[in-house]
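All remarks here apply to the structure that follows.
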Amino acid sequence: QVQLVESGGGLVQPGGSLRLSCAASGFTFSSYTMSWYRQAPGKERELVAAISSDSGTTNYADSVKARFTISRDNVKNTVSLQMNSLKPEDTAVYYCKARSPGGLGYWGQGTQVTVSS
């Protein structure tokens, strides 16, 4: 069955960095678009970054451009999100999402990121 397991969240001070990872199994990872979303308390889930199946295309929310970098490893079946210059407003639960070529979507369970001094 499809599994997406996020890791790497935690508490970090403003200006700090974290690297999130998502380990995927149960599907043909190299064919799927992978994304990171986040949801802060009381807010809707929002797209943070996405990467195409061959890593040829990446997209970022305006709020994270130049600070976050999404990458993937189609051998290890992982997708990562390097987050630098973190701000308190980046505090949220971060979710990994896999989308098939046909549009089916699968979600991980999420990992908490808290940016606070």
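Here, residue 1 is the first one in the sequence, and each next residue gets the next number.
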Looking at [atom1] of [X] and [atom2] of [Y], how far apart are the two atoms once the value is rounded to the nearest 0.5 Å?
X: S17; Y: L86; atom1: OG; atom2: CG; value: 6.0 Å
X: N74; Y: S53; atom1: CG; atom2: OG; value: 7.5 Å
X: T111; Y: L18; atom1: OG1; atom2: CG; value: 9.0 Å
X: I70; Y: S80; atom1: CD1; atom2: OG; value: 9.0 Å
X: L4; Y: S25; atom1: CG; atom2: OG; value: 7.5 Å

Residue list, salt bridge (charged side-chain N to carboxylate O under 4.0 Å, His left out) with D62, at least two apart or on another chain:
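Partners of D62 by the salt bridge (charged side-chain N to carboxylate O under 4.0 Å, His left out) criterion, ordered by chain and then number, come out as K65.
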
Once salt bridge (charged side-chain N to carboxylate O under 4.0 Å, His left out) is applied, do any residues pair with R72, and if so which ones, sequence neighbours excluded?
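Testing R72 for salt bridge (charged side-chain N to carboxylate O under 4.0 Å, His left out), a comparison that skips the adjacent residues, returns none.
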
Heavy-atom check, side chain of L81 versus side chain of V48, under 4.5 Å:
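L81 vs V48: side chains touch.
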
Within the 4.5 Å heavy-atom criterion, are M83 and V115 side-chain neighbours or not?
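Answer no - side chains too far apart.
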
Which pairs, with at least one residue in residues 103-117 and sequence neighbours excluded, count as a salt bridge (charged side-chain N to carboxylate O under 4.0 Å, His left out)?
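Those involving residues 103-117 do not exist here.
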
Does any pair with a residue in residues 29-41 pass salt bridge (charged side-chain N to carboxylate O under 4.0 Å, His left out), and if so which ones, sequence neighbours excluded?
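Output for this query lists R38-E46, R38-D90.
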
Strictly by ring pair (Phe, Tyr, Trp, His ring centres under 6.0 Å), give each pair with a member in residues 1-34 just once, sequence neighbours left out.
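Sorted pair list: F27-Y32.
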
Under 3.5 Å, side chain of R99 to main-chain N/O of T33, donor-acceptor pair present?
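Answer holds: no.
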
Report yes or no: does S100 contribute a side-chain atom to a donor-acceptor pair with the main-chain N or O of G102 at less than 3.5 Å?
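Such a contact is found between S100 side chain and G102 backbone.
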
For T69, what residues pass the side chain to side chain contact (heavy atoms under 4.5 Å, CB included) criterion, not counting sequence neighbours?
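Counting only residues at least two positions away or on another chain, T69 forms a side chain to side chain contact (heavy atoms under 4.5 Å, CB included) with Y60, Q82.
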
Please identify each residue that fulfils side chain to side chain contact (heavy atoms under 4.5 Å, CB included) with S52, with sequence neighbours left out.
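With neighbours one apart ignored, the set is D54, T57.
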
With T114 via side-chain hydrogen bond (donor to acceptor under 3.5 Å, both in side chains) - residues at least two apart
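Q112.
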
Taking side-chain hydrogen bond (donor to acceptor under 3.5 Å, both in side chains) as the test, write out the residues that go with S55, two or more places apart.
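Once residues adjacent in sequence are excluded, S55 has no partner under the side-chain hydrogen bond (donor to acceptor under 3.5 Å, both in side chains) criterion.
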
If hydrophobic residues (ILVMFWY) are linked whenever their side-chain heavy atoms come closer than 4.5 Å, directly or via other members, who joins Y95 in its cluster?
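Y95 clusters with Y37, L47, V93, W107.
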
For [X] versus [Y], what's the shortest heavy-atom pair and its separation?
X: S116; Y: P14; answer: C-CD, 3.6 Å
X: M34; Y: C96; answer: CE-SG, 3.6 Å
X: A40; Y: A92; answer: N-CB, 3.8 Å
X: S71; Y: R19; answer: OG-NH2, 3.7 Å

Give a yes or no on this: more than 12 heavy atoms of other residues, nucleotides or ligands lie within 6.0 Å of atom CD of E44.
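For E44, atom CD is not crowded (no more than 12 foreign heavy atoms under 6.0 Å).
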
Per the disulfide (SG to SG under 2.5 Å) rule, what does the pair list look like for residues 41-90, sequence neighbours excluded?
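For residues 41-90, and leaving out neighbouring residues, there are no disulfide (SG to SG under 2.5 Å) pairs at all.
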
Find out if a path of hydrophobic residues (ILVMFWY) with successive side-chain heavy-atom gaps under 4.5 Å connects V2 to V5.
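They do not share one cluster, since no chain of ILVMFWY contacts under 4.5 Å joins V2 to V5.
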
Path from L104 to W36 over hydrophobic side-chain contacts below 4.5 Å
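Yes, one cluster joins them.
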
Show me the pairs that pass side-chain hydrogen bond (donor to acceptor under 3.5 Å, both in side chains) and involve residues 1-14, at least two apart or across chains.
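Qualifying pairs: E6-Q109.
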
Do you see a donor-acceptor pair shorter than 3.5 Å between the side chains of T78 and D73?
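No - no donor-acceptor pair under 3.5 Å links their side chains.
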
